[in-house]
Amino acid sequence: MYTNHINPVAQKNQDAFCTALFQLLLKKPLEKISVTELCHMADLDRTTFYRSFESKDDVLDYYLDRQMTLLAGQLPAYSTLEKNLTALFRWTYEERKNLCILMDCHLTSFFSDALSEKIILVLISNIEFGDARQFVPWPVSLPGENRYFRNSFIGAYMGFFNSWRYGNFAERPEDLAKCMASFYLH
């Protein structure tokens, strides 16, 4: 688990570790990256690393938590599913370089777990009542149904992301959002 610092210097250091980790991931898999290498790339010492993080995985968790917080702030409240998906795809486009690195390094689970835990239910709960009534299915009865619904939503999003990526991000976020929303609304 990482320590969430309010101190701007500590946040700057945590961000430096994130940047360094993504630079190293371009060269080798996560399991072959040492904390020493990470510290060297970030130009910070091990004490600074361990003040904030217990492991390299914590650096990814920190990066994704920060990104999910930024993304949650971009989701328009009481809006349509399409507008919320547009915000999601705009964020995806802005973060495409790091998201592609995660995919290439087979670290998709970090990303999909962060989306599932922190964004999908916020995205769905933000939609206006008119869209909510049209949802197929609208997950309200059993806790397990929410998990399956989130997973289907994540799967659809990841499929869209991969197709978009391999098409060199040619389509507009608005067009992807409209298409994906059409799968979930009557």
Side-chain angles (χ1 to χ4, degrees), residues 2 15 18-19 21-22 25-26 29-30 57-186:
Y2 67 88
D15 291 344
C18 289
T19 301
L21 182 60
F22 278 101
L25 285 170
L26 288 169
L30 181 65
D57 289 0
D58 288 347
V59 179
L60 284 177
D61 288 339
Y62 167 79
Y63 164 77
L64 289 166
D65 279 352
R66 289 272 312 257
Q67 289 303 313
M68 295 303 108
T69 299
L70 291 170
L71 175 55
Q74 294 173 18
L75 297 175
Y78 307 110
S79 187
T80 64
L81 177 62
E82 187 176 322
K83 286 180 183 174
N84 277 279
L85 287 171
T86 297
L88 174 62
F89 282 113
R90 283 181 180 153
W91 169 83
T92 302
Y93 186 79
E94 292 167 9
E95 285 301 309
R96 67 190 179 279
K97 180 181 174 191
N98 286 342
L99 297 178
C100 288
I101 291 170
L102 290 176
M103 301 295 178
D104 292 343
C105 293
H106 308 287
L107 298 170
T108 308
S109 63
F110 280 91
F111 175 46
S112 61
D113 288 351
L115 275 174
S116 179
E117 293 168 12
K118 297 184 175 72
I119 294 300
I120 298 305
L121 291 179
V122 171
L123 187 144
I124 300 307
S125 66
N126 275 356
I127 63 174
E128 67 187 11
F129 186 67
D131 264 7
R133 285 186 308 182
Q134 298 177 53
F135 242 90
V136 184
W138 184 240
V140 291
S141 57
L142 299 173
E145 288 181 28
N146 283 336
R147 181 185 71 219
Y148 292 117
F149 183 80
R150 283 195 319 263
N151 288 341
S152 75
F153 210 86
I154 293 293
Y157 166 78
M158 296 303 278
F160 271 76
F161 174 80
N162 281 322
S163 294
W164 195 24
R165 171 191 184 183
Y166 292 116
N168 293 316
F169 298 96
E171 295 85 5
R172 297 176 325 132
E174 296 81 3
D175 297 332
L176 293 171
K178 184 175 185 171
C179 184
M180 188 170 166
S182 72
F183 292 132
Y184 286 92
L185 301 173
H186 289 285

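Side chains included, hydrogens not; waters and symmetry mates left out as well; all remaining heavy atoms used.
- Within the model, atoms CD of Glu82 and CG of Asp175 stand 9.0 Å from one another, a figure rounded to the nearest 0.5 Å.
- Every residue two or more places apart in sequence or in another chain that forms a side-chain hydrogen bond (donor to acceptor under 3.5 Å, both in side chains) with Thr92 is listed here: Tyr157.
- Rounding to the nearest 0.5 Å places OG1 of Thr80 at 11.5 Å from NZ of Lys178.
- The closest side-chain heavy-atom distance from Phe153 to Ile119 is not below 4.5 Å.
- The distance from the CG atom of Asp58 to the CG atom of Leu21 is 11.0 Å, given to the nearest 0.5 Å.
- Asn84 and Ser79 get closest at one heavy-atom pair: ND2-CB, 3.8 Å.
- Pairing each heavy atom of Ala87 with each of Leu71, the nearest pair is O-CD1, 3.9 Å.
- Proximity of Thr19 to Tyr63: side-chain heavy atoms (C-beta onward) are nowhere separated by under 4.5 Å.
- Between the CG atom in Asp61 and the CG atom in Asp113 there is a gap of 9.0 Å [rounded to 0.5 Å].
- The line from CE of Met158 to CZ of Phe111 is 5.5 Å long, rounded to the nearest 0.5 Å.
- If you take CG on Leu70 and CG on Asp65, they are separated by 11.0 Å, rounding to the nearest 0.5 Å.
- Of all the heavy atoms in Phe89 and Ala177, the pair that sits closest is CD1-N, 3.8 Å.
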- Test side chain to side chain contact (heavy atoms under 4.5 Å, CB included) on Glu117 and Met68 and set out the steps. CA-CA 10 Å; Glu117 293 168 12; Met68 295 303 108; over 6 Å; no
- Derivation and outcome, side chain to side chain contact (heavy atoms under 4.5 Å, CB included), residues Lys97 and Phe22: CA-CA 9 Å; Lys97 180 181 174 191; Phe22 278 101; over 6 Å; no
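- Under the side-chain contact (heavy atoms from CB on, under 4.5 Å) criterion, Glu174 pairs with Thr86, Arg90, Arg172, sequence neighbours left out.
- Listed by chain and residue number, Leu30, Ser55, Phe110 satisfy the side-chain contact (heavy atoms from CB on, under 4.5 Å) test with Asp57 (two or more places apart in sequence, or in another chain).
- For Arg96 and Tyr93, the positive end sits near the middle of the six-membered ring, less than 6.0 Å away and at most 45° from its axis.
- Of all non-hydrogen atoms in Leu25 and Cys105, the two that sit nearest each other are O-SG, 3.3 Å.
- Screening residues 100-111 for side-chain hydrogen bond (donor to acceptor under 3.5 Å, both in side chains), with sequence neighbours left out, gives Asp104-Arg165.
- For the pair Leu75 and Leu88, the tightest heavy-atom approach, listed with the atom from each and the gap, is CD2-N, 4.4 Å.
- In this structure, the side chain of Ser163 does not engage the main chain of Phe160 through any donor-acceptor pair within 3.5 Å.
- Partners of Glu171 under the side-chain contact (heavy atoms from CB on, under 4.5 Å) rule, at least two apart in sequence or in another chain, are Trp164, Leu176.
- For the ring pair (Phe, Tyr, Trp, His ring centres under 6.0 Å) test, no residue two or more places apart in sequence or in another chain qualifies with Phe161.
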